[in-house]
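Beneath this line is the structure, given in structure tokens, with notes to follow.
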Number of protein chains: 2
Amino acid sequence: MSAISERRERERAQRHQLIVTAARELAEAEGWEAVTTRRLAERVEYSQPVLYSHFTGKDDIMRAVAIEGFGELATRLRRARLTDPAPPAALHAVCRAYLEFATEQPALYQAMFMLPTDVKFAHAETPPPLRAAFDEFVSCFHPDNQRRELFAEVTWSALHGIAALTESGRIPPNGQAERLDFLVTQIAAPPRPGV
Amino acid sequence: MSAISERRERERAQRHQLIVTAARELAEAEGWEAVTTRRLAERVEYSQPVLYSHFTGKDDIMRAVAIEGFGELATRLRRARLTDPAPPAALHAVCRAYLEFATEQPALYQAMFMLPTDVKFAHAETPPPLRAAFDEFVSCFHPDNQRRELFAEVTWSALHGIAALTESGRIPPNGQAERLDFLVTQIAAPPRPGV
DNA sequence: GGCCTGATCCTAGCAGCGCTAGACATGCTG
DNA sequence: CAGCATGTCTAGCGCTGCTAGGATCAGGCC
């Protein structure tokens with residue numbers, strides 16, 4: 001491997017990242033429907049076919065954006081959990097951080113959790129950052145809780161429901177705090193028969 | 001209004017419904033990305049522009065499908081609730097019915113709750129069937145519960161999260177019953193501080 | 001030093017998309 | 001029966017994701 005091909009490989013990696021970043025910024029600014037291969041190519045100052053020498057297609061670019069997001073989400077959730085590590089407070093903090101992430105970067109959130117994807121969830125090929133993000137929810141429950149994976153799954157699902165319905169305008173953005181409080185309180189409540 | 005124009009209006013209404021039904025069937029069979037105006041026109045045995053004499057565009061057709069779905073969902077939820085009207089059982093039955101609806105007719109569910117839409121939720125212009133469907137969740141909680149609207153909203157959000165993540169392959173389809181049981185148990189639990 | 005080879009990039013184009021303008025045929029009305 | 005209105009179609013616009021083929025340029029070898 002000569003120095004020349006090393007340089008080329010480095011430049012190639014830079015351009016790869018340039019494309020991902022441009023796609024993400026464009027999506028965040030104008031929505032994913034505005035991210036066309038032509039506009040994206042213009043933005044990175046290359047012709048359209050160059051995109052296809054880095055990615056198999058538009059889906060592949062969106063997948064790269066999503067995977068980048070998984071990493072960022074994992075670190076944000078971890079930071080939130082460690083800020084107040086006692087179980088009930090930790091759960092609340094992680095859930096709030098999740099909703100904030102979804103609200104602040106709606107297009108990124110869409111790529112990760114709403115748009116069709118080939119990324120494997122809960123699978124051997126699951127990207128490690130995604131698994132790490134999920135584990136932050138699991139860690140909010142006592143280690144001797146036999147069903148903590150189930151708890152985490154339902155908690156995540158409920159948060160996703162709130163985030164998705166809010167983002168698409170199906171529930172009003174006001175009152176997120178009340179929904180969050182209610183959800184966390186009920187999820188953390190000791191199960192027993194009641195009304 | 002002559003008998004002739006009455007007949008024409010009747011035929012027009014039939015064709016309107018024919019288009020909606022064809023769109024729905026095609027979406028259910030091959031997914032919404034396969035529902036193009038050309039294929040839809042071919043299926044109803046008319047040319048493409050005819051669609052635009054009934055609807056303003058593809059979005060409008062999808063909206064018509066969604067509104068049709070809201071009516072069906074409302075009746076299914078109502079039937080489920082009345083089967084076992086005691087609050088905890090009713091909530092469980094309604095939630096199960098919701099998830100079944102989403103699973104059995106994924107494309108319809110997508111049009112209603114996942115794809116971009118102009119339909120107003122929680123608003124003066126909300127279609128009555130949609131409001132009726134939401135009210136079925138509200139009715140699962142005691143009338144003297146001051147926060148039953150909030151309860152219903154979070155319940156619905158959580159169910160939507162489960163349905164959406166399942167449909168897009170982000171959580172495995174196995175274990176829906178456990179998730180449902182856990183969710184309903186926690187939502188119905190009397191709130192109190194705990195872990 | 002000069003040619004060859006291989007990688008890199010661009011122009012141009014394909015099939016399909018949502019949507020629409022304008023021509024044409026049909027059938028009711030005065 | 002003439003004229004009008006309604007309804008329907010063919011053809012086409014500008015856009016999409018994607019790709020084939022040629023031009024250009026740099027590196028390696030004799």
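Chain letters run A, B, ... following the sequence lines, proteins first, then strands; residues in each count from 1.
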Compare side-chain N and O positions of A:Thr37 against OP1 and OP2 of D:dC18 and report whether any pair is under 4.0 Å apart.
no

What residue among B:Arg81, B:Arg79, B:Arg76 forms side-chain hydrogen bond (donor to acceptor under 3.5 Å, both in side chains) with B:Glu136?
B:Arg81

Would you call the rings of A:Phe55 and A:His16 parallel, tilted or perpendicular, where under 30° means parallel and over 60° means perpendicular?
tilted

How many whole angstroms separate atom CG of A:Leu18 from atom C1' of C:dC9?
16 Å

So which heavy atom on A:Phe70 is nearest to which on A:Met112, and how close?
CD2-CE, 3.3 Å

Using the side-chain heavy atoms of B:Tyr52, tell me which of these nucleotides is nearest: C:dG18, D:dT8, C:dC9.
C:dG18

Ranking C:dC19, D:dC9, C:dC17 by distance to the side chain of B:Thr36, first place goes to C:dC17

Between B:Tyr98 and B:Phe137, is the ring centroid distance below 6.0 Å?
yes

Separation of C:dT20 C1' from B:Leu51 CG (nearest whole Å):
13 Å

Without decimals, in angstroms, what is the distance between A:His54 NE2 and C:dT8 P?
9 Å

Let me know the distance between CD1 of B:Ile19 and P of D:dT8, rounded to the nearest Å.
10 Å

Testing C:dC9, D:dT19, C:dC19 for proximity to the side chain of A:Val50, the answer is C:dC9

Rounded off to whole Å, could you give me the OH-to-C1' distance for the A:Tyr46 and C:dC10 pair?
13 Å

Picking from C:dG18, D:dT10, C:dC10, the nucleotide nearest the side-chain atoms of B:Pro49 would be D:dT10

I need the NZ-C1' distance between B:Lys58 and D:dC15, as an integer number of Å.
14 Å

Hey, is the side chain of A:Arg38 poking within less than 4.0 Å of OP1 or OP2 on D:dT16, counting only N and O atoms?
yes

Residue whose closest nucleotide on DNA chain D lies nearer the 5' end, A:Arg39 versus A:Thr56:
A:Arg39

A:Arg96 versus A:His92, side-chain donor and acceptor atoms under 3.5 Å
yes

A:Glu45 atom CD is separated from C:dC10 atom C1', nearest whole Å, by 15 Å

Earlier contact from the 5' end, DNA chain C, for A:Ser53 and A:Gln48:
A:Ser53

Among the nucleotides D:dG17, C:dT20, C:dC9, which one has an atom lying closest to any side-chain atom of A:Arg15?
C:dC9

Nearest-angstrom distance from the residue atom CG of B:Asp60 to C1' of C:dC19:
14 Å

Output yes when at least one side-chain N/O atom of A:Ser47 is less than 4.0 Å from OP1 or OP2 of C:dC9, else no.
no

